[in-house]
> 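Structure provided below as structure tokens; questions to follow.
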Amino acid sequence: MSRKYYVCTGCALLCDDIEVETDNDVVTTVHAACRKGVARMKGCSNPMECTVGGEKADIDSAISMAATILRDAKNPLIFGHGNSSSEAQKKSIGLAKKIGAYIDDTSSFCQGPIIEAILQDKLKTCTLDDIRHKADVIIFWGADPSNSHPRHLSRYSYFPRGQERQRGWEEDRTAITIDIRRSETADICGDTRFYQIPMGGDAEFMEALVSALSNKVPKTSFDFDKKRILELGNVLKKAKFGVICVGLGLVYSLEQLEPLFTLMNKLNEVSSFHLMPMVGQYNMRGFNQNLFVETGYINRLKFNAETGETEHGNNYSVVEVLRDMSVDAALIIGSDPLSSLPLSIARYLAEIPLITIDPCNNLTATRSTVTIPCALGGVESGGTAVRMDGVEIELKKIIETNNPSDEEILTRITEAM
Amino acid sequence: MEIYQFLPKTNCKECGKATCMAFAVDLLGRKAKVDDCPPLVNEAKYKANYEKLSEMITPVGDVTETGLIVHENKCIGCGNCVVACPVNVANDPFGAGSGKAPTSDKVIFMVENGIVKARNVQECRRFGENKILCVACIDTCPTKAIEFV
Amino acid sequence: MGFGQFLAAPEIKLKIVTYRDVFQNAAQESSRFGEEYEKLSAIIKLDPRDISRLSITENDTVIVKNSYGRVVVTAQRSGYEDAHPGIAYMVNSPWSNALVPDKTSGTGVPKFKDFEATAQSSKGGKVTGIREIF
């Protein structure tokens, strides 16, 4: 029996074993995808309309208005990209270069620092397939994949049999959760494999672990049971192929990455450890890699339209440029920043001329001068995307739509400039 | 027992049982239905309890022969049970057993529309002559969506 | 109208942690403006002792505010075995983001998972709608 598999764009696991049934260009049944993936693949109940100034418009006038807004802006921002195909992201980068825009993506307040360190070879990493075939010690640190990436444990990190992991999870793998709360993932790992630390205690717990790995007494200001840290140290020392899956809980807790570098270096002295960024949106890592290839930076840029040179740094992050009020118009694609940014920053974004490109109506669209509906990536249009581990995955179109792809819309806006 | 707390506790015997506690035991084992308690169904003061109990107790029709129940409202479709079930592994080592979508019709668990569906339950290790108390699907479920009664 | 109406509702200080929830995320994929998304997003999960301190019962609405924003959300028990008075959990959503400080101490990354706010009973107030957050 030959089977046709599609790719789920519900998160950056990009599960590529999904079968679907359709009826009249509607996805009716989805096989193997999780609850969240199914919700995405079946599409939203409130598609976005093509509008200009709040009135329904045809796509030609919407594109021409979008070009006018960007042309009139002194300091435009192009933001989003987490839920955009790599092809669209490259067009976006080209457009930013052409008009001298700020460009950033959701990684700026998500996994950005970790991806940057990985692309700069400061952290050892591996693929998800490596994890399935080899990993024997897996740590979920500040991550709750049971909610954020539901199939992470079943497809790769805990339950599946792999080449060097043939005997099943009970004998072959040890899964550990380090978190400030007992998440559902922590429940699966079990009481003895759950290390509950206080809010903001991650860096200190890392230092204590390094002490344990160096045969020193692991001290913490929150008086964590030293015996348990030593036990954990022993498990990590014996690992043949260890992985730390880094979630946002850890990313937000660390002011800088030094403690993580120190821990990873120590772990790789005594055993072998890899790092997996738990990227959320399906192609956030794609944007980081695409921009990195083009400019050497993963996010937070401003292009100079004349010279093509870039300025980069924390001051160019979407949060800082909006707080400074230095942006005077924005194109938003594959993201809903009015939902995901702190309100006090989102409020400023809501005041400037906005263009939103997305398949579904969202909060940003309700404040936008121009809204252009695009095809739903991986369902109504194909393209490529980069999985959380850096592996490129080809997306396949499942059903037809009248909406152009995100790439096509950006191409047309660029041409209209 | 939580179920008992929601019953009238009058021991009226209308259900045919001697006490409400006995009825609760049968409810738990799915030998009786919530609707078998006339006061719960008919009296307005028990309406909230009736609804609560109906929600708590999956109707007997949905219980498979092995006593396996999937609480669909709790299931997140993660597929942990699909991959961990020893029967799935044995019958589909390179599909379900390797973390991927099942490729065999002989698996017990597969996920459809984001919710796990049980089938071929006669293959379950808790069934038949040489049954054992396997808990692979229960222990690996993050939301306690699988139950045996 | 009960006597409680005329008493000042006790106000408590909370540290708030945000988290992800697969059911809420699935509801978001279906519709940002749907009832289901609001029901699963506009909530705050509290330690039972904090619920008592607020003189409310579970599923009452509370005003959660700080200098960055103010929302009315439904109070629920967290269900965690370990006690966590003073620490509350909110799912990542526009409601939690209404309270996230915009300060990043130069890193460009706001503290989405560690911020302070106060809570008090809304005395029957309605949950803030997604369009009213702005």
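Just so it is clear: chains get the letters A, B, ... in the order the sequence lines come, proteins before strands, and each one is counted from 1.
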> Identify the heavy atoms of A/I345 and C/D102 that sit nearest to each other, and give their distance.
CD1-CB, 3.3 Å

> To the closest 0.5 Å, what do you measure between NE2 (C/H84) and CE (A/M199)?
11.5 Å

> Charged N to carboxylate O below 4.0 Å: is that the case for A/E255 and C/K111?
yes

> For A/R347, is it the side chain, the backbone, both, or neither that has a heavy atom closer than 4.5 Å to a heavy atom of chain C?
both

> Is there a donor-acceptor contact under 3.5 Å linking the side chains of A/E320 and C/T104?
yes

> State, to 0.1 Å, how close A/S344 and C/Y68 come at their nearest heavy-atom pair, and which atoms those are.
OG-CD2, 4.1 Å

> Mind ranking C/I87, C/N92, C/N25 by heavy-atom pairs under 4.5 Å with chain A and telling me who comes out on top?
C/N25

> Whether the side chain of A/S45 engages the backbone of C/S30 through a donor-acceptor N/O pair (distance < 3.5 Å, no angle test) should be reported.
yes

> Do NZ/NE/NH1/NH2 and the carboxylate oxygens of A/D144 and C/R20 come within less than 4.0 Å?
no

> So what's closer than 4.5 Å to chain C heavy atoms on A/N361: side chain, backbone, both or neither?
both

> Measure distances from A/S339 to the heavy atoms of chain C and classify the residue's part below 4.5 Å as side chain, backbone, both or neither.
both

> Determine the minimum heavy-atom distance between C/V22 and A/P150, stating which atoms define it.
CG2-CG, 3.9 Å

> Work out which heavy atom in A/I180 is nearest to a heavy atom in C/Y89; give both atom names and the distance.
O-OH, 4.1 Å

> For C/Y80 and A/R181, test the side chains for any donor-to-acceptor distance below 3.5 angstrom and give the result as yes or no.
yes

> So for A/Q196, is it side chain, backbone, both, or neither that comes closer than 4.5 Å to the heavy atoms of chain C?
side chain

